[in-house]
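What follows is a set of notes on a single structure, which appears directly below.
In the text below, chain A, chain B and the rest are named by the order of the sequence lines, each starting its count at 1. Note that these values count all heavy atoms, side chains included, but never hydrogens, waters or copies made by symmetry.
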There are 2 protein chains.
Amino acid sequence: MTGEPKRQPGDGQTRRRGAALEEAILRAAADELTESGYAGLTMDRVAQRAGTNKNTIYRRWPNRLALGIAAYRQLTTTIQPPDTGTLRGDALELLRRANRHWSSPLGAILRDLLSAAGGAPELLAQLPEQSTDTVTATWLTVLGRAIARGEARPEALHPRVATVAIVLLRNEFVMRGVPTAPDEVLVEIIDEVYLPLVRRRGTPPA
Amino acid sequence: MTGEPKRQPGDGQTRRRGAALEEAILRAAADELTESGYAGLTMDRVAQRAGTNKNTIYRRWPNRLALGIAAYRQLTTTIQPPDTGTLRGDALELLRRANRHWSSPLGAILRDLLSAAGGAPELLAQLPEQSTDTVTATWLTVLGRAIARGEARPEALHPRVATVAIVLLRNEFVMRGVPTAPDEVLVEIIDEVYLPLVRRRGTPPA
DNA sequence: GCAAGTAAGGTACGTGGCGTACCTAAAAGG
DNA sequence: CCTTTTAGGTACGCCACGTACCTTACTTGC
């Protein structure tokens with residue numbers, strides 16, 4: 001939305017450097033992302049929009065993808081674990097947040113970035129929603145509280161187990177493509193898979 | 001490996017048409033895939049290798065990706081469900097096969113194709129290992145036998161539940177990138193998640 | 001067998017976008 | 001002030017996709 005004033009050679013204008021310039025570039029890139037998606041994020045356009053030139057961009061990011069990832073991070077905020085009082089509530093809330101995000105325009109951008117990264121771990125790690133650590137920590141927190149309440153078995157406090165639900169939902173997006181998963185799918189994941197897996201055993205509700 | 005003889009204009013050679021030509025193109029594309037991966041699959045090179053021209057290729061496939069998918073299918077064979085006698089054995093075998101395939105050169109090609117498809121369902125459906133139907137059917141078969149043997153609870157015979165293990169492994173590849181998952185990961189998925197989830201309930205082995 | 005129709009071959013080109021090279025000009029800093 | 005650093009301007013090489021257009025070889029139907 002914000003076009004930078006085009007600078008003429010020798011017009012005596014102040015010339016940005018360092019952090020200020022970097023922020024301007026990131027803002028321009030983020031704007032391009034939201035307007036045209038990752039496909040529309042071209043180095044020429046970002047340079048023009050930021051009122052600078054490709055040269056300057058390439059001095060800071062090695063390639064288009066790196067810039068795209070950096071710009072994407074500008075658009076996201078980090079998540080706080082919910083605390084609804086029940087494991088089912090917390091888990092469902094986390095899935096709904098993920099579902100909303102992945103179905104939003106930002107989700108489309110995220111998918112394109114993932115595509116472009118082609119599974120390079122050092123790049124994936126820079127994407128908040130994909131960073132295994134962040135996501136895993138959130139689920140472990142939620143599950144830990146449930147265990148403390150006696151809702152779940154302590155042995156379930158294991159990264160692989162704790163994150164099963166979100167992994168299944170992510171898979172839903174990878175396999176079925178773009179559109180939002182219906183809420184029933186989220187409920188099904190929780191009720192048919194996640195809760196049966198982490199709930200206390202050997203004491204059937206008989 | 002097989003270079004087609006270069007045809008000269010007016011050299012009186014026989015000119016391939018229809019199915020024969022199509023097969024030649026697919027063979028050339030498949031060879032390029034195995035030698036140079038999807039990145040190396042360029043329309044010009046395929047045309048040259050098949051002893052034909054881009055024009056002819058574009059009459060059959062709308063773009064590079066479509067050709068890549070078609071060529072990839074030439075390189076894969078369909079899977080048969082294993083029958084080791086135990087659910088654990090069958091499930092582990094299926095995971096090991098998937099692991100081997102995804103770590104092989106073919107797996108790299110598959111990942112690139114998935115990347116390029118960018119989550120378009122109609123394209124994904126053409127990739128055997130990604131076709132939900134095929135994979136789900138296999139796991140349902142294996143799980144169905146286990147239920148018949150009394151190893152698993154009948155309510156687990158549900159697509160979402162039956163395929164949990166393979167979904168987790170797929171996630172491992174998506175998140176951690178290329179290299180083979182160690183066998184311990186497969187065992188962990190089976191023993192910590194899959195079997196606890198599908199096994200009979202309420203009768204702990206006490 | 002011949003003529004019309006169809007499909008393959010050859011070649012060139014437009015296009016888009018990345019990444020680089022190279023020089024000029026402004027700011028920073030001693 | 002003079003030097004060093006960093007930004008700006010511009011052009012270009014390159015690659016590969018996809019298209020256009022014509023020529024040439026097969027096929028088919030009369």
Side-chain angles (χ1 to χ4, degrees), chain A residues 3-26 28-29 32-33 36-71 112-113 115-118, chain B residues 3-26 28-29 32-33 36-71 112-113 115-118:
Chain A
E4 294 294 332
K6 182 66 181 181
R7 238 162 288 279
Q8 298 300 333
D11 62 359
Q13 295 266 349
T14 171
R15 184 185 274 189
R16 295 160 302 179
R17 291 173 82 99
L21 180 53
E22 184 152 338
E23 282 161 29
I25 295 171
L26 277 179
E32 288 291 335
L33 269 189
S36 323
Y38 181 63
L41 184 84
T42 75
M43 301 307 258
D44 294 86
R45 292 184 61 183
V46 171
Q48 191 178 2
R49 180 166 209 153
T52 181
N53 61 331
K54 283 197 291 180
N55 233 327
T56 306
I57 301 179
Y58 277 105
R59 272 186 215 112
R60 290 174 163 77
W61 295 274
N63 51 50
R64 182 168 99 97
L65 175 58
L67 175 62
I69 290 176
D112 286 346
L113 290 174
S115 247
Chain B
E4 295 291 333
K6 183 68 179 179
R7 238 163 290 278
Q8 298 299 333
D11 63 357
Q13 296 266 350
T14 173
R15 186 185 272 187
R16 295 160 303 179
R17 292 173 84 100
L21 180 53
E22 184 153 336
E23 282 160 28
I25 295 172
L26 277 179
E32 288 290 338
L33 269 190
S36 323
Y38 181 63
L41 185 85
T42 76
M43 302 306 258
D44 295 85
R45 291 183 61 182
V46 171
Q48 190 178 2
R49 181 166 208 154
T52 182
N53 61 330
K54 283 196 291 181
N55 233 326
T56 306
I57 300 179
Y58 277 106
R59 272 188 213 112
R60 291 176 162 79
W61 294 274
N63 52 48
R64 183 170 99 98
L65 176 57
L67 175 61
I69 290 175
D112 286 346
L113 291 174
S115 248

Out of D:dT19, D:dG8, C:dG10, whichever nucleotide has its closest atom nearest the side chain of B:K54: D:dT19

Residue A:R15, side-chain atoms from C-beta onward, closest of C:dG10, C:dA26, C:dA8: C:dA26

Interface residues of residues 38-46 of chain A with DNA chain D (non-hydrogen, below 4.0 angstrom): none

What is the distance, to the nearest angstrom, from the [atom1] atom on [X] to the [atom2] atom on [N]?
| X | N | atom1 | atom2 | answer |
| --- | --- | --- | --- | --- |
| A:N53 | D:dC12 | CG | C1' | 15 Å |
| B:L21 | C:dT6 | CG | P | 18 Å |
| B:N55 | D:dA16 | CG | C1' | 16 Å |

Test of understanding: with side-chain contact (heavy atoms from CB on, under 4.5 Å), list the residues that count as partners of [X], not counting sequence neighbours.
| X | result |
| --- | --- |
| B:A28 | B:V46, B:R49, B:A50 |
| B:R60 | B:L21, B:E22, B:I25, B:T56 |
| A:S115 | B:S115 |

Non-neighbouring partners of B:N63 that pass side-chain hydrogen bond (donor to acceptor under 3.5 Å, both in side chains), sequence neighbours left out: none

Close approaches to DNA chain C from residues 56-69 of chain B, in residue order (heavy atom, under 4.0 Å): B:T56, B:R59, B:R60

Smallest separation among heavy atoms of A:A47 and A:K54, with atom names: CB-N, 3.6 Å

Roughly how far, to the nearest 0.5 Å, is the [atom2] atom of [Y] from the [atom1] atom of [X]?
| X | Y | atom1 | atom2 | result |
| --- | --- | --- | --- | --- |
| A:L26 | A:E23 | CG | CD | 8.0 Å |
| A:Y38 | A:L67 | OH | CG | 8.5 Å |
| B:D112 | B:L41 | CG | CG | 11.0 Å |

